[in-house]
Amino acid sequence: MTKTIKRLLPAALAVLLAGCAMQPVDSTTTRYRVALVAKNNRDSEFWDAVFTGAEAAATEYNLQLTITAPDDEEDYAAQNQLIADAVEDGAQAIVFSAIDYEANAAAIDAAAAAGVTVISVDSAVNSDNVAAYIGADNYGAGRMAAQSALDGTAGTLCVGLINYEVNGANGRDREQGARDAFAESGRARITAAVSTHPNAASARADTLAMLRTHPEINVLIALNETTAVGAAQAVQQMQRADDLWLAAFDSNIETIDALQTGTVDALIVQNTYGMGYFGVESAYKLLAGQGSNVEKSNITATRTITRENMFAMDKQKVLFPFG
C-alpha cells in the first residue's frame with residue numbers, strides 16, 4: 001500500500017520558510033504538473049522537511065504538486081510503480097529520490113522516454129536521463145562524520161558502521177567517505193559494519209548486537225535518520241555514552257535530545273528543506289524553458305553540529321528550520 005499526500009502552504013509562509021526572494025509567476029501561464037516520488041512518508045522529520053520545501057516551491061511557482069512514497073523504504077518495486085503512475089496521471093516532471101541506484105533506473109528511463117523531465121534529490125539513480133541532481137555531497141558527508149570522531153577523540157579508534165539500504169547511492173557513498181577518512185588517519189580501523197533495515201527498531205537491535213559482539217568499539221557512525229535514532233537508543237541502553245563517540249546523520253527530536261544529553265556526539269545535518277524546494281523549483285524552470293538557469297548538480301550544504309556549537313544561531317536554524 002502507498003499513500004499520497006497533497007498539501008499546500010500559504011504563499012507568504014512559503015516565502016518566509018524558503019528564505020529566498022519571491023519570483024512572480026504569471027497566473028495566465030500553464031500550471032505545470034509535478035510529482036515528487038520519495039522513499040517513505042512515515043514518521044520521518046527528514047522527509048517532512050523535504051515535503052515542506054517542495055510545497056513551498058509549488059506554491060511560489062503555481063504548480064500542481066503530488067507527493068507519493070512507498071510505505072516501506074526498501075520497496076523499490078513500489079517506487080517504480082509510483083513513477084509509472086505519475087507518468088500515466090500526466091506528470092510533466094518527476095522529482096525523485098531513489099531507493100535503489102540500479103533497480104530504479106529502468107523506471108526513470110521509461111518516464112524520460114515518455115517525455116517527463118526527471119530531477120533527482122537526496123539519493124541518485126543510475127540514469128543518464130536525469131536532468132539535475134539536488135542533494136548533499138554524500139561522500140563528503142561521510143568524511144565529515146569520520147572527521148568528527150577523529151577530532152573529538154584520542155588514541156586508536158575501533159569503528160562500527162551502521163548503514164542502511166545497501167543498494168542506495170547515498171548510504172553507499174557516505175560509508176565509503178567514512179572508510180576513506182578513517183583509513184587516511186592511520187589510527188582507526190573498521191571493526192564491524194552492518195546494513196540494517198531503514199527503521200529505528202532494526203538499527204537498535206543490530207547496534208546492540210554489534211556492541212555486544214565487539215565491546216572494543218569506541219566509535220559508531222550511523223548513516224541516516226532512522227539508523228541514528230536506533231543507534232542512539234542502543235548506546236543509551238548499553239550505558240556507553242561516556243566511552244563511545246556516536247556520529248549520526250540528520251536531525252529530529254530524538255537525535256537532538258540525544259546530542260544535548262551526550263548520547264550522540266555529532267550530528268551531520270543536511271539541508272533537507274532545500275532539497276525539496278530546489279528540486280521542485282528546478283522542475284518549474286526546466287518545464288518553463290529556463291533550463292540554462294538549472295545546474296546539473298546542485299550540492300546542498302551539510303554541517304557538523306556538536307554540543308559545543310548546537311546553540312549558535314546558525315546551527316539552531318539548521319536544527320530547527322521552522323522555529
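Computed from a predicted structure; not experimentally measured. Numbers here are sequence positions counted from 1.
Across all non-hydrogen atoms, the minimal contact from Val294 to Ala132 is CG1-CB, 3.9 Å.
Hydrophobic clustering (side-chain heavy atoms under 4.5 Å, transitive across Ile, Leu, Val, Met, Phe, Trp, Tyr) keeps Val269 apart from Val229. There is a path of hydrophobic side-chain contacts, each under 4.5 Å, that joins Tyr284 to Phe51. Note on Val118 and Ile99: separate hydrophobic clusters, where clusters join Ile, Leu, Val, Met, Phe, Trp and Tyr whose side-chain heavy atoms are under 4.5 Å apart, directly or indirectly.
A donor-acceptor pair is defined here as one N or O able to donate and one able to accept, closer than 3.5 Å; such a pair exists between the side chain of Asn104 and the backbone of Asp100. For the pair Asn199 (side chain) and Asp72 (backbone), a donor-acceptor distance under 3.5 Å is absent. At distances below 3.5 Å, at least one donor-acceptor pair connects side-chain atoms of Ser123 with backbone N or O atoms of Ala98. Of the possible donor and acceptor atoms, one in the side chain of Ser97 sits under 3.5 Å from a partner among the backbone N and O of Val121. Distance alone, capped at 3.5 Å, places no donor-acceptor pair between the Arg204 side chain and the Gln233 backbone. Put simply, the side chain of Glu225 gets close to the backbone of Glu45: a donor and an acceptor are under 3.5 Å apart.
In this structure, Glu74 CD and Lys39 NZ are separated by 11.0 Å, a value rounded to the nearest 0.5 Å. Within the model, atoms CG of Leu36 and CD1 of Ile119 stand 10.5 Å from one another, a figure rounded to the nearest 0.5 Å.
Within the structure, salt bridge (charged side-chain N to carboxylate O under 4.0 Å, His left out) pairs that include any residue of residues 229-250 comprise Arg240-Asp243 (at least two apart or interchain). For residues 84-93, the side-chain hydrogen bond (donor to acceptor under 3.5 Å, both in side chains) pairs, not counting sequence neighbours, are Gln81-Asp85.
Asp265 is linked by a salt bridge (Lys or Arg N to Asp or Glu O under 4.0 Å) to Arg307, counting only residues two or more places apart in sequence or in another chain.
Each of Asn170, Asn138, Asn163 was checked for a side-chain hydrogen bond (donor to acceptor under 3.5 Å, both in side chains) with Glu175, and the lone residue meeting it is Asn163.
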Next on the checklist: Applying side-chain hydrogen bond (donor to acceptor under 3.5 Å, both in side chains) to Gln270 and Thr300, what does each step give before you reach the verdict?
Outcome noted: CA-CA 7 Å; Gln270 306 172 77; Thr300 54; over 6 Å; no

Checklist entry - Does the side-chain hydrogen bond (donor to acceptor under 3.5 Å, both in side chains) test come out yes or no for Asp180 and Gln176, once each step is laid out? => result CA-CA 6 Å; Asp180 288 351; Gln176 191 60 55; 2.9 Å; yes

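Atom OH of Tyr133 has more than 12 neighbouring heavy atoms from other residues, nucleotides or ligands inside a 6.0 Å radius.
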